[in-house]
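A quick write-up on the structure given underneath.
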Amino acid sequence: MIAKPLLRKLVKQKLKDAEALISKKRYYSSIYISGYAIELALKHEICKIYKFKRGFPETSSEFNSYTSTLYLNPYITINDIRNHNLQRLLQFSGAITRINSECQNEWNNIITWNPEIRYKILTTRKNVALVNLDEVKIVVNIILRR
């Protein structure tokens with residue numbers, strides 16, 4: 001299990017890491033790391049929506065330990081929430097309305113993120129990384145705000 005307070009702490013850590021990478025002119029790596037801040041924020045909110053009191057399940061058995069509660073939708077599976085697909089995670093996070101009404105443009109700009117970009121060597125300009133980080137911060141703040 002990943003405890004909810006740890007998820008929140010990891011979000012902040014990934015944002016700081018992204019800032020540090022920009023300061024070291026590692027712009028594309030900053031974009032890569034910043035995507036995890038959004039993923040972790042969404043998983044934090046999934047814990048709240050589905051009343052995962054012990055934290056975010058990392059294994060099928062941890063997930064199954066929640067299935068006996070009344071809070072878990074019988075149509076949700078571990079694969080629905082244990083992935084890196086931001087759009088899928090958003091569907092289960094309870095934050096869709098906030099995202100659509102408050103930061104749709106920012107979301108659309110960062111939704112293409114996925115961890116597979118780690119296998120690419122691309123150059124990115126500083127201003128692109130800075131804009132990305134600003135958009136990620138906006139989205140994260142809206143996701144975690146209740």
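Here the structure is a predicted model, which means the values were calculated and not measured. Only heavy atoms go into these numbers, but all of them, side chains included; no hydrogens, no water, no symmetry mates. Position 1 is the first residue of the sequence, and the numbers go up from there.
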What about [X] and [Y], same hydrophobic cluster or not, with Ile/Leu/Val/Met/Phe/Trp/Tyr joined at side-chain heavy-atom distances under 4.5 Å?
{"X": "Leu6", "Y": "Val11", "answer": "yes"}
{"X": "Ile49", "Y": "Ile99", "answer": "yes"}
{"X": "Tyr28", "Y": "Val131", "answer": "no"}

Side-chain contact test, heavy atoms from C-beta onward, threshold under 4.5 Å: evaluate it for [X] versus [Y] and give yes or no.
{"X": "Val128", "Y": "Ile31", "value": "yes"}
{"X": "Leu89", "Y": "Lys43", "value": "yes"}
{"X": "Pro57", "Y": "Ile81", "value": "yes"}
{"X": "Asn132", "Y": "Asn109", "value": "no"}

Return yes if some donor-acceptor pair links the side-chain N/O of Glu62 with the main-chain N/O of Met1 below 3.5 Å, else return no.
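It does hold such a pair.
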Looking only at non-hydrogen atoms, find the nearest pair between [X] and [Y] and report the distance.
{"X": "Ser93", "Y": "Leu42", "answer": "OG-CD2, 3.6 Å"}
{"X": "Ile110", "Y": "Leu86", "answer": "O-CD1, 4.2 Å"}
{"X": "Ser34", "Y": "Leu133", "answer": "CB-CD1, 4.3 Å"}
{"X": "Glu39", "Y": "Asn83", "answer": "OE2-O, 3.6 Å"}
{"X": "Ile142", "Y": "Arg98", "answer": "O-NE, 2.9 Å"}
{"X": "Arg82", "Y": "Glu58", "answer": "NE-O, 2.5 Å"}

Starting at [atom1] of [X], measure out to [atom2] of [Y] and round the result to the nearest 0.5 Å.
{"X": "Asn127", "Y": "Tyr27", "atom1": "CG", "atom2": "OH", "value": "9.5 Å"}
{"X": "Cys103", "Y": "Ile138", "atom1": "SG", "atom2": "CD1", "value": "7.5 Å"}
{"X": "Leu40", "Y": "Gln13", "atom1": "CG", "atom2": "CD", "value": "9.5 Å"}
{"X": "Asn105", "Y": "Glu135", "atom1": "CG", "atom2": "CD", "value": "8.5 Å"}
{"X": "Lys4", "Y": "Glu45", "atom1": "NZ", "atom2": "CD", "value": "9.0 Å"}
{"X": "Asp17", "Y": "Ile22", "atom1": "CG", "atom2": "CD1", "value": "11.5 Å"}

Side chain to side chain contact (heavy atoms under 4.5 Å, CB included) partner of Arg26, the single match among Ser29, Ser23, Ser30:
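The single option meeting the side chain to side chain contact (heavy atoms under 4.5 Å, CB included) with Arg26 is Ser29.
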Can you say whether the rings of Phe52 and Phe63 are parallel (under 30°), tilted (30 to 60°) or perpendicular (over 60°)?
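Phe52 and Phe63: perpendicular rings.
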Less than 3.5 Å apart, any donor N or O on the side chain of Asn108 or Gln104 sitting next to an acceptor on the other?
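Present: a donor and an acceptor within the cut-off.
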Go through the side-chain N and O atoms of Trp107 and Glu102 and say whether any donor and acceptor fall under 3.5 Å apart.
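There is no such pair between these side chains.
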Would Glu19 and Lys16 pass as an ion pair if we require N to O under 4.0 Å?
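So Glu19 does not pair with Lys16 through a salt bridge.
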Checking Leu7 against Phe56 for the side chain to side chain contact (heavy atoms under 4.5 Å, CB included) test, could you report, in this order, the C-alpha distance in whole Å, the side-chain angles of both residues, the deciding distance, and whether it holds?
CA-CA 8 Å; Leu7 285 168; Phe56 190 84; 3.9 Å; yes
